[in-house]
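Since the structure comes first, as structure tokens, the remarks are kept for the end.
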Protein chains: 2
Amino acid sequence: MQGVQKNITREQKRRQKLDVILRNAAKAFMEKGYYKTSLDDIAKMQNVTKPTLYYYIENKEDILVKCEEEACLRINGLLDSILSEHISGFDMLYSFVKGYIDIITDDIIRCHVRHRGQMEDESLRAQSIKNHKNIELKVRKIIQKGIGDNSIRNCNSMILAILLFDSLNGITSWYKSDGQINQVELTKEVLSLVSRGVKEV
Amino acid sequence: MQGVQKNITREQKRRQKLDVILRNAAKAFMEKGYYKTSLDDIAKMQNVTKPTLYYYIENKEDILVKCEEEACLRINGLLDSILSEHISGFDMLYSFVKGYIDIITDDIIRCHVRHRGQMEDESLRAQSIKNHKNIELKVRKIIQKGIGDNSIRNCNSMILAILLFDSLNGITSWYKSDGQINQVELTKEVLSLVSRGVKEV
DNA sequence: CTATGTTGTTACCGAAGAGTAACATACTTT
DNA sequence: AAAGTATGTTACTCTTCGGTAACAACATAG
């Protein structure tokens, strides 16, 4: 049994190192861009050499894939927990926007959002697009539920879902936690824009 | 005088060829991405060779710069014409959204939107960011005018302007003129989302 | 203590692609 | 027609970078 125990800690260590790699890579990709960040750059952040990375990842693109896996886990977790509640469609959408803004300050999520669907490998790209479509579909479901229970006005749920993601995902490319806009204020503005729009009534 | 005349047509021809290069490059950048598009690829689209491109552009990055110049001209043109009208702030914002959606189907504009602020050359990057800040500022001006004349509800004009651009610019990366969403429907949904939000009242 | 698997290194390969030099051709002006 | 200028080509250089082979050190298991 001792052998098994040791293997677990080893596996955990490995998992931890992979996570550090992903986190550093994601950060670099967001700051300098995917193509301007070399594997040597990423390796240096860990104080290892490039070939060492290949013990944890398959190739450069695999970093994007692994970031996506983690991001999808968290986003789907948020959506599923919201969908299981017994509240109106509007309240669900409200919760989602709030939770999503909270999530996308994480570098790995931001990296996913910015690079999804851009893999060079065709099957990976297809999978990535599928993953996002899946998420988008859940948001559409929320919107449709809202239209059904009269908490959201009648609209094209597909367009609304896409526009919503556009503006939320846009946040990832400019929001800095140390900037002049704080997260509470941001969330407040997004929520009131989404719910009431800009028009004075 | 004949010399001058001839020079003009030559200059025009040159200008035309440059425009074709920009248009093709912008299209390729949007489809395959900037780094996955080589200058050879772009040259081939014109049925010329790579060195010929260098007669019209300084280097690869210069394509982005030239696209940006043209895009800014058009966007600023739209904004300035709106700002000179005597209508409410809300109506201005409404006109802008409408006009902007109309504009961003053009490949050169889409290319600009997707690549602005991403030049490797520091001074070019700074200029690009400045250009966009300038545009964003005009939109903020419109919003503030709207708040002043009570046509737009009180909100953080900076956040609103950014969010608005995020969702509008997001459109550039998915909208296809031959897709399942037509432009009239799209514009309608965006306008009602911006003005009234999603909440049923 | 020895065998095995894990984790890392150094040193290299090969491809891609931006940019250039030198040379060729065609148009314009005088 | 000759001189000069605009426009293009072929063939090359130089660098960067993703990926790999071969080897080293070390922990763990038996």
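Just so it is clear: chains get the letters A, B, ... in the order the sequence lines come, proteins before strands, and each one is counted from 1. Every value quoted in this text rests on a predicted model; they were computed, and no experiment measured them.
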Please give, in whole Å, the distance from [N] [atom2] to [X] [atom1]?
X: Leu18(A); N: dT7(C); atom1: CG; atom2: P; value: 12 Å
X: Lys13(A); N: dC26(D); atom1: NZ; atom2: C1'; value: 12 Å
X: Lys44(B); N: dG17(C); atom1: NZ; atom2: C1'; value: 12 Å
X: Tyr54(B); N: dG8(D); atom1: OH; atom2: C1'; value: 16 Å
X: Tyr34(B); N: dG17(C); atom1: OH; atom2: P; value: 13 Å
X: Tyr35(A); N: dA16(C); atom1: OH; atom2: P; value: 14 Å
X: Ile21(B); N: dG8(D); atom1: CD1; atom2: P; value: 8 Å
X: Ile42(B); N: dG17(C); atom1: CD1; atom2: C1'; value: 12 Å

Counting just side-chain N and O atoms, does [X] come under 4.0 Å of either OP1 or OP2 of [N]?
X: Tyr56(A); N: dG8(C); value: yes
X: Arg14(B); N: dT7(D); value: yes
X: Ser38(A); N: dT16(D); value: no
X: Thr49(B); N: dT9(D); value: yes

From the options [options], select the nucleotide whose nearest atom is closest to the side chain of [X].
X: Pro51(A); options: dT7(C), dT10(D), dT20(D); answer: dT20(D)
X: Lys50(B); options: dG18(D), dA18(C), dT9(C); answer: dA18(C)
X: Leu39(B); options: dG8(C), dT10(D), dA18(C); answer: dA18(C)
X: Lys60(A); options: dA18(C), dG8(C), dG18(D); answer: dG18(D)

Would you indicate whether the side-chain heavy atoms of Phe90(B) and Asp149(B) approach each other to under 4.5 Å?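 They are not in side-chain contact.
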Under a 4.5 Å cut-off applied to non-hydrogen side-chain atoms, are Phe29(A) and Ile63(A) in contact?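 Of all side-chain heavy-atom pairs linking Ile63(A) with Phe29(A), at least one is under 4.5 Å.
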What nucleic acid atoms does Lys36(A) come within less than 4.0 Å of, heavy atoms only: base, sugar-phosphate, or nothing?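 Result for Lys36(A) = nothing.
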Can you see whether [Y] has [X] sitting over its ring - NZ or CZ less than 6.0 Å from the centre and within 45° of the normal?
X: Lys36(A); Y: Tyr35(B); answer: no
X: Arg14(A); Y: Tyr55(A); answer: yes
X: Lys199(B); Y: Tyr94(A); answer: no

Assign each of Asn59(A) and Lys17(B) to its nearest nucleotide of DNA chain D by heavy atoms, then name whichever residue's nucleotide is nearer the 5' end. Lys17(B)
